[in-house]
Amino acid sequence: MPLSWNEIRNRAIEFSQEYQEVTRENAETQSFYNAFFEIFGIKRSRVASFEAPVKMLGTRRGRIDLFWKGTLLVEHKSSGKDLGVARTQALDYFPNLKEEELPRYILVSDFQHFELVDLEANVEYKFSLAELHQHVELFGFIAGYQKRVFRDQDPVNIEASERMGKLHDMLKDSGYTDHDLEQYLVRLLFCLFADDTNIFEKDSLRFYIEEHTKEDGSDLGSRLSDLFQTLNTPREKRYKTLDESLAQFPYVNGNLFAERLPNPAFNRTMREILLSACFFDWGRISPAIFGSLFQSVMDKERRRGIGAHYTTEKNILKILKPLFLDGLYEEFQSLRYEPRKLQNFHKKLQTLTFLDPACGCGNFLILAYRELRLLEIEVLKALYPTGQQAFDVAELSRINVDAFYGIEIEEFPARIAEVALWLMDHQMNIRLSETFGQYYTRIPLQAAAHIHHANALQLDWETVVPKERLSYILGNPPFVGAMIMNEAQRQDIEHVFKDTIRNAGVLDYVTAWYFKAVKYMGEAHSIRTAFVSTNSITQGEQASILWQQLLNEGVKIHFAHRTFAWSSEARGKAAVHCVIVGFGLEDCTRKIIYDYQDIKADPHAVEVKNINPYLVDAPNVVVVNRTTPLCNVPAMRFGSMPRDGGHLIFTDEEKDAFLALEPEAESWLRPYTGAQEFINGWRRWCLWLTNISPNELRQLPRVMERVMEVRAFRLASKAATTRKFAQTPAVFCQIAQPDSDYLLVPRVSSERRHYIPIGFLPAQVIANDQVLTVEYATHYHFGVMSSEMHMEWTRYVCGRLKSDYRYSKDIVYNNFPWPQNPTPQQMQVIEAKAHAVLDARAQFPKSTLADLYDPLSMPPVLSKAHQALDKAVDVTYRKQPFETERSRVEFLFGLYQQLTDPLITAITKTSRKRKIN
């Protein structure tokens, strides 16, 4: 057990007094450093060697005065000698050391003076022997008090996982597989952490493997089995004849080592890999990524993308801070100087409980536990100022891992979550020890997190933790879209939404956790919940289906992060576009929206009056599917769907080649466009045979070949509806071509564009199903739909394809609140400004709409024309200018509520109006 800092300082003073008159001529260097290590309660012989041999340049050989592999290199000189020369000599050894042996620290001394260099931090310290007691904290790496900084992308994470990945592969190839392999490696990883975080004496595991196993690895499996059995046996129940090399290890408990596993057959290479892993500083790996790191070890594909498979702490804190941390810290600051209230606050922290119902390897729970313990340490520092009173640090901490609950569908991550929480508990105990100068640990393990291996969507959460005992629900449920769910996931959705939502089949998988959480919370109004989700749940049809039900259940949104990139650091890995929604069944007095200037930026917080399902400060309305427009405007329709396997469609080159063979078919070819063609200026053609007579068709053999191929394609389809259309192979499956000129709106457009490019096309151009058409549209309609008002509505209520706008007629167009009762003069102004936009486009006949509406290449004349159009449309809504995006959206939702109330406004339960702080 490490000594307290006070004990270490007292020993340092005694050491300085004993050696104050010592020179190299009257004392032995080895006894000096043996005594030096004893200051910190460590036997030098267990970790470091004297006169360690090392090759030098050429045929020269040298000896390092004292060498602790991977940690410390000491070069000693006689009293009064130049220590700069000693440091140069120490560095000369480095080129001939193995990478894993390179030390972090260099210490040079002449008995009376010390110079310590931290090569990683690039700092050095100089002090005399008499001042040693003032600098003992610099040697925390000996005492077991080394402070660590955890980084998501520390290279040790990748290097260590690669080493363990190699060991995993070799064990698997040897026939050691499945559960045994997984459990065995998690034990090894625990021991590696323990070796560097003072659960074991520093480097005990490495020393045990190096000194007590054969170099060929033949007995390593049995020796590790002896170690695991020792770790699972209380000290008082161990054999009195147990070898000292095993007896030194603590009793761990916690069932981690309880199961007897078969011994794997190691070889020399596998032993060397494990030893090389021992040289890594595993204490630098945060337990928050421990589980995901381990999963990368178990899966070659995951290992290749290390960094993609754990969530950064920065993103997790976006949930934790507004959900509970910010409020707790505010409360702490308000009463930190009132001891009695602070004692009660400390007791309150002890009562908090957390559930992650899709916990994976426990990242969210681990960080929640860490942050709660860090807050507790601040509370304890305020209650027990150092040096003012005597206390036992072991009695101070009241927060333990048994207040944390999780549900995980896969067994192995569930077990990893338990272990990682223990590791975080130990690190927080070390932090507490550092703060108060008393060593504190919870080994052997007594409490454990409650991680349940189960399907959270089929399990009654009450069997995990009764809701009366729960404070917070949080997590990151699976990102699986409605269209790509497997059969088991579809059954989960059906089970959760049974008899509640009829069209739940269009909902993403994550929505089931929202609904399940709300049903679980029931009358336990104090529970607060926050989930990370793909942004699709706040857009388009999903928002109307899910949130209509949740609002009717009484849900109030307390905070929200609008769309941002839930990114990974791995090269080639795309970020997922996510939102965070914090909610409960009680209202709160302070609601915050975290907005992002762009999806990769840092958020800025805006305090608002209300947060609606679209994550804006606006009334709680949901935009439902409508088959006809809310306002008196022309109907919008889908374009025509060919479903032809491409046999009726031609590029310019294909058309020319086809007509060279059958020129009589030219009258049946029509220009053909979809979203990509319209925006990028691509030219395509289609066979439009809606009015062809049978005899005319039969006289065109090349056309007949194409029609036969369409028929074969449709007959081969798995969809019964497509097979039915094989009866009419000459025409598109669904025909919706306008009879007159029409306004075209792409169904998908890049989010980079400030305006979705729309435009008029003649009736002879066939519009496919990737666009929407508005027949009888005027320039007034074009003007309003090209305006900032319509674009803001679209951004908030449309669905998304990745991050691109996915425009829909039933959600976006049919629900858009058009200007109410514009004057004829206002309409004329909008029409004129709309003409100006089209005229500005026409000035660049060689530029495509993609060129014109790219934010980096948009011509100033077109930008100014749109700005003038925006102003003309704005005044038809109100005289007061719209200063911000937020003001536009709030106004539009308010107008939408007026136009739809009381038909489809979400009705919240009147019994749930009690406010909380």
Side-chain angles (χ1 to χ4, degrees), residues 614 616 618-619 621 623-624 626-637 738 740-745 754-760 772-798 805 807-841 862-905:
Y614 303 91
V616 294
V621 295
V623 180
V624 299
R626 295 181 62 91
T627 56
T628 58
L630 177 65
C631 300
N632 184 22
V633 292
M636 177 177 278
R637 302 174 67 187
S740 59
D741 294 353
Y742 59 91
L743 185 63
L744 180 147
V745 180
H754 193 68
Y755 302 94
I756 295 176
I758 64 176
F760 291 102
L772 299 160
T773 64
V774 183
E775 195 173 8
Y776 310 120
T778 67
H779 282 81
Y780 169 74
H781 299 115
F782 170 88
V784 174
M785 292 180 67
S786 297
S787 72
E788 183 77 7
M789 290 298 281
H790 185 253
M791 278 305 306
E792 291 299 349
W793 176 259
T794 300
R795 289 188 187 101
Y796 277 84
V797 305
C798 77
Y805 305 126
Y807 196 98
S808 71
K809 69 181 185 68
D810 293 343
I811 291 290
V812 181
Y813 181 80
N814 287 346
N815 284 292
F816 177 61
W818 287 71
Q820 299 299 295
N821 303 314
T823 66
Q825 184 178 6
Q826 288 175 331
M827 294 178 68
Q828 290 172 7
V829 172
I830 290 175
E831 289 178 345
K833 301 301 181 184
H835 275 287
V837 168
L838 295 173
D839 291 342
R841 291 182 187 177
L862 179 58
S863 179
K864 291 178 181 178
H866 268 287
Q867 292 170 9
L869 175 60
D870 291 339
K871 291 180 181 179
V873 173
D874 284 353
V875 297
T876 63
Y877 283 98
R878 72 180 191 190
K879 294 181 179 179
Q880 179 187 355
F882 295 101
E883 300 293 342
T884 63
E885 167 194 313
R886 175 183 165 190
S887 63
R888 291 181 188 276
V889 176
E890 291 173 3
F891 180 89
L892 286 170
F893 272 106
L895 179 57
Y896 176 80
Q897 184 181 38
Q898 293 175 25
L899 295 173
T900 58
D901 214 17
L903 298 179
I904 57 172
T905 301

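What's counted below: heavy atoms across the whole structure, side chains too, no hydrogens, waters or symmetry copies. Predicted model, so just to flag it, every value in this text is computed and none were measured.
- Annotation for Val784 and His790: closest pair O-CB, 3.2 Å, computed over non-hydrogen atoms.
- At distances below 3.5 Å, not a single donor-acceptor pair connects side-chain atoms of Ser786 with backbone N or O atoms of Gly783.
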- Item | Check against side chain to side chain contact (heavy atoms under 4.5 Å, CB included), Tyr813 and Val774 | CA-CA 10 Å; Tyr813 181 80; Val774 183; 3.9 Å; yes
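- Counted by atom type alone, Thr876 and Gln826 present zero donor-acceptor pairs between their side chains at under 3.5 Å.
- Asn815 places a side-chain N or O within donor-acceptor distance of the main-chain N or O of Asp810, the cut-off being under 3.5 Å.
- Between Gln820 and Tyr877 the shortest side-chain heavy-atom distance does not fall below 4.5 Å.
- Of all heavy-atom pairs spanning Thr794 and Ile756, the tightest one is CG2-CD1, 3.9 Å.
- Here the shortest heavy-atom pairing between Cys631 and Leu899 reads SG-CD1, 4.2 Å.
- For the pair His754 and Glu788, the minimum side-chain heavy-atom distance is below 4.5 Å.
- Minimum interatomic distance between Ser787 and Tyr755 (heavy atoms only, all atoms of both residues): C-CE2, 4.2 Å.
- Separating the CE atom in Met636 from the CD atom in Glu775 is a distance of 13.0 Å, to the nearest 0.5 Å.
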- Passes side chain to side chain contact (heavy atoms under 4.5 Å, CB included), Met785 versus Leu743? Steps please. CA-CA 10 Å; Met785 292 180 67; Leu743 185 63; 3.9 Å; yes
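- Residues Leu772 and Arg637 have side chains not in contact (no heavy-atom distance under 4.5 Å, counting atoms from C-beta outward).
- Put simply, the side chain of Glu885 reaches to within 4.5 Å of the side chain of Tyr796, judged on heavy atoms.
- You'll find the side chain of Val633 stays beyond 4.5 Å of the side chain of Phe816, heavy atoms only.
- Every residue two or more places apart in sequence or in another chain that forms a salt bridge (charged side-chain N to carboxylate O under 4.0 Å, His left out) with Glu890 is listed here: Arg886.
- Between Glu792 and Arg795 a salt bridge is recorded (basic side-chain N to carboxylate O distance below 4.0 Å).
- Taking 4.5 Å as the limit, every side-chain heavy atom of Tyr776 sits out of range of all side-chain heavy atoms of Asp741.
- Contact record, Ala840 with Ala865: CB-CB, 4.4 Å, taken as the closest heavy-atom pair.
- The ring of His779 has its center closer than 6.0 angstrom to the ring center of Phe760.
- Between Cys798 and Ile811 there is no side-chain heavy-atom pair separated by less than 4.5 Å.
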All N/O donor-acceptor pairs, side-chain side in residues 829-839, below 3.5 Å, sequence neighbours left out:
none

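- Thr773 OG1 to Lys809 NZ: the interatomic distance, rounded to the nearest 0.5 Å, is 10.0 Å.
- Between Tyr614 and Phe893, the ring centre distance stays below 6.0 Å.
- By the 4.5 Å heavy-atom criterion applied to side chains, Val812 and Trp793 are counted as neighbours.
- Taking the centre of each ring, Trp818 and His781 come in below the 6.0 Å mark.
- The two atoms that bring Leu630 and Tyr896 nearest to each other are CD2-CD1, 3.9 Å, heavy atoms only.
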